[in-house]
Amino acid sequence: MPKFYLTTAIDYSNGEPHLGHALEKIGADCIARYRRLRGDQVHFLMGMDENAQKVAQAAEQAGVPTAEWVRSLADRFDATWRRLLCTHDDWIRTTEPRHHRGTIALIERIRGRSPEDVYTGVYEGLYCLGCEEFKQEAQIVNGRCEEHPNLELVHTREQNYFFRLSRYRDETLRRIRSGDLVVEPAIRRNEVLRVLEAGLQDISISRQRLSWGIPFPGDPDQTVYVWFDALINYLSATGFPEPGYDRLWPADLHVIGKGITRFHCIIWPAMLLSAGLPLPRKVWAHGYVQWSGAKVSKSAGTAVSLDEAVERHGPDALRYFLLREVGFEADGNFTWERFDERYTADLADGLGNLASRSLAMIDRYRGGSVPDAGTATRLEKMGQACVRRYVEAMDRLDLRAGADAAWDLVSRANLYIQQTTPWTLAKEGKDRDLDEVLGSLGRCLYRLTVLVSPFVPGKAQALWRALGQVGESAAAQWDSLDRPPVAGTATRKPEVLFPKPTPA
Ligand SMILES: [Zn+2]
């Protein structure tokens with residue numbers, strides 16, 4: 001089984017989880033679930049970025065000891081992602097000893113292999129507390145950070161350790177151009193290439209006298225710059241520097257937001273090159289959830305209650321809506337109206353209705369046993385074509401197109417029922433025709449259950465049981481998609497998968 005090591009960005013523990021975070025975690029979970037369907041040995045990492053200045057500030061403002069503050073937020077985030085049916089295998093917090101060990105070991109390895117790569121100097125510039133980053137002129141709009149238009153930039157001057165980033169510009173360019181390090185989607189790759197082509201400045205990798213963070217090795221006056229340590233979480237979670245870390249490293253996919261491509265596609269590769277470690281294979285930078293055209297994030301000043309969004313139609317529906325409508329590539333809008341429309345059209349009237357009427361007819365006309373027929377119907381051909389379309393989309397991480405392929409089959413199957421009118425076949429006693437229609441509907445539902453499981457895993461599991469299948473999930477059934485083994489299985493009437501909201 002090939003391994004597939006997948007990570008998401010770790011989130012700052014300075015506020016509650018919101019929809020912006022949720023898009024990333026759900027998208028990554030959808031990919032993790034798809035890779036498991038395809039037979040990969042998936043290792044899925046998520047976690048928290050707890051060493052930032054703004055984390056310590058948030059704790060102070062709340063009047064809570066910082067360690068207690070980060071622990072309670074870590075629990076809150078983890079529980080939120082579990083509630084959204086995320087299946088991460090590991091949960092790293094950058095205050096953990098394993099992460100401190102990994103960070104110190106990487107810095108020491110860099111100094112050991114490339115002694116001239118870490119040097120002391122004075123940094124002077126404008127610092128964005130939202131990004132925890134010094135901002136270059138090109139990133140400043142109207143005197144503010146482009147990502148954080150409501151925060152003042154702070155003028156900062158201090159003695160720091162620097163990392164010789166400039167030295168790795170050519171090699172990083174070569175790795176990205178050659179596809180050795182894949183950056184997607186193309187729009188992000190082009191942005192990264194333009195930054196590299198313009199040339200790189202060395203970066204400060206420590207801060208002076210902070211009370212919170214990882215002490216810089218060999219210099220108690222300095223703290224490791226939070227971004228430098230945050231990136232290392234992907235490596236420290238593998239057990240680095242202990243032997244065996246390379247069973248997971250290099251990562252196969254880093255899923256991140258488009259605002260942090262510079263860190264992941266320029267600084268992180270340079271750190272690894274300097275340390276003589278392999279680069280991740282791919283970085284995927286998703287767009288943002290917009291709420292009436294504005295980015296959803298705490299520091300941008302817009303927030304939609306994630307709990308409210310989950311409670312509206314349940315976790316499966318929220319996953320589906322974010323991946324299908326908001327999308328994982330460009331920015332997309334979230335509105336309650338669109339959420340309700342999609343819920344009704346695609347889930348309640350679409351998948352839910354298809355499942356309930358197909359299973360009800362198999363129950364009524366064939367005593368709840370799927371007929372062994374229907375392998376040459378047009379619905380069968382559509383189902384096979386849909387699997388191919390789905391695979392093409394999901395392999396290139398186009399989750400929206402993957403969902404499109406599956407829900408296209410939902411529409412076609414609902415249309416097939418209207419056109420074949422099984423109730424008429426039953427009334428007229430056309431048993432062979434009826435067997436064919438019900439058999440191909442059973443096979444179609446089986447395929448759909450597998451294909452939709454990365455998007456709506458909870459409901460897919462309910463449908464799986466209703467189809468008379470055993471086992472915990474639809475996973476590991478991939479090879480059976482060619483010939484779904486449903487003939488003769490005893491189906492059950494499912495619970496209503498997607499109940500229609502009762503009018504207020
Ligand atoms: Zn910023």
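Note that ligands are numbered from 1 as they come in the structure, with each ligand's atoms numbered from 1 the same way. Excluded from the calculations below are hydrogen atoms, water molecules and symmetry mates; all remaining heavy atoms, backbone and side chain alike, are included. Numbers for residues simply follow the sequence, beginning at 1.
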Output side-chain donor-acceptor pairs under 3.5 Å for residues 187-195, partner residues at least two apart or in another chain, one line each.
unit_1 : atom_1 : unit_2 : atom_2 : d
Arg188 : NH1    : Glu191 : OE1    : 3.4
Arg188 : NH1    : Glu191 : OE2    : 2.7
Arg189 : NH2    : Ile176 : O      : 3.4
Asn190 : ND2    : Ala186 : O      : 3.3

Task: Of all pairs that satisfy ring pair (Phe, Tyr, Trp, His ring centres under 6.0 Å), the ones with a partner from residues 49-73, not counting sequence neighbours - done: none
Task: Protein-derived N, O or S atoms lying under 2.8 Å from the Zn ion (ligand 1), waters excluded - done: 4
Open item on the list: Taking the ring centre of each residue, are Phe334 and Phe321 less than 6.0 Å apart?
Closed with: yes
Open item on the list: Using the rule given for side-chain hydrogen bond (donor to acceptor under 3.5 Å, both in side chains), can you reason through Tyr12 versus Glu50, listing the C-alpha separation, both sets of side-chain angles and the distance that settles it, and then say yes or no?
Closed with: CA-CA 6 Å; Tyr12 287 127; Glu50 301 182 335; over 6 Å; no
TODO: Please name all residues satisfying side-chain contact (heavy atoms from CB on, under 4.5 Å) with Val141, sequence neighbours left out, ordered by chain then number.
DONE: Glu146
Open item on the list: Would you say the rings of Phe339 and His313 are close, in the sense that their centroids are separated by under 6.0 Å?
Closed with: yes
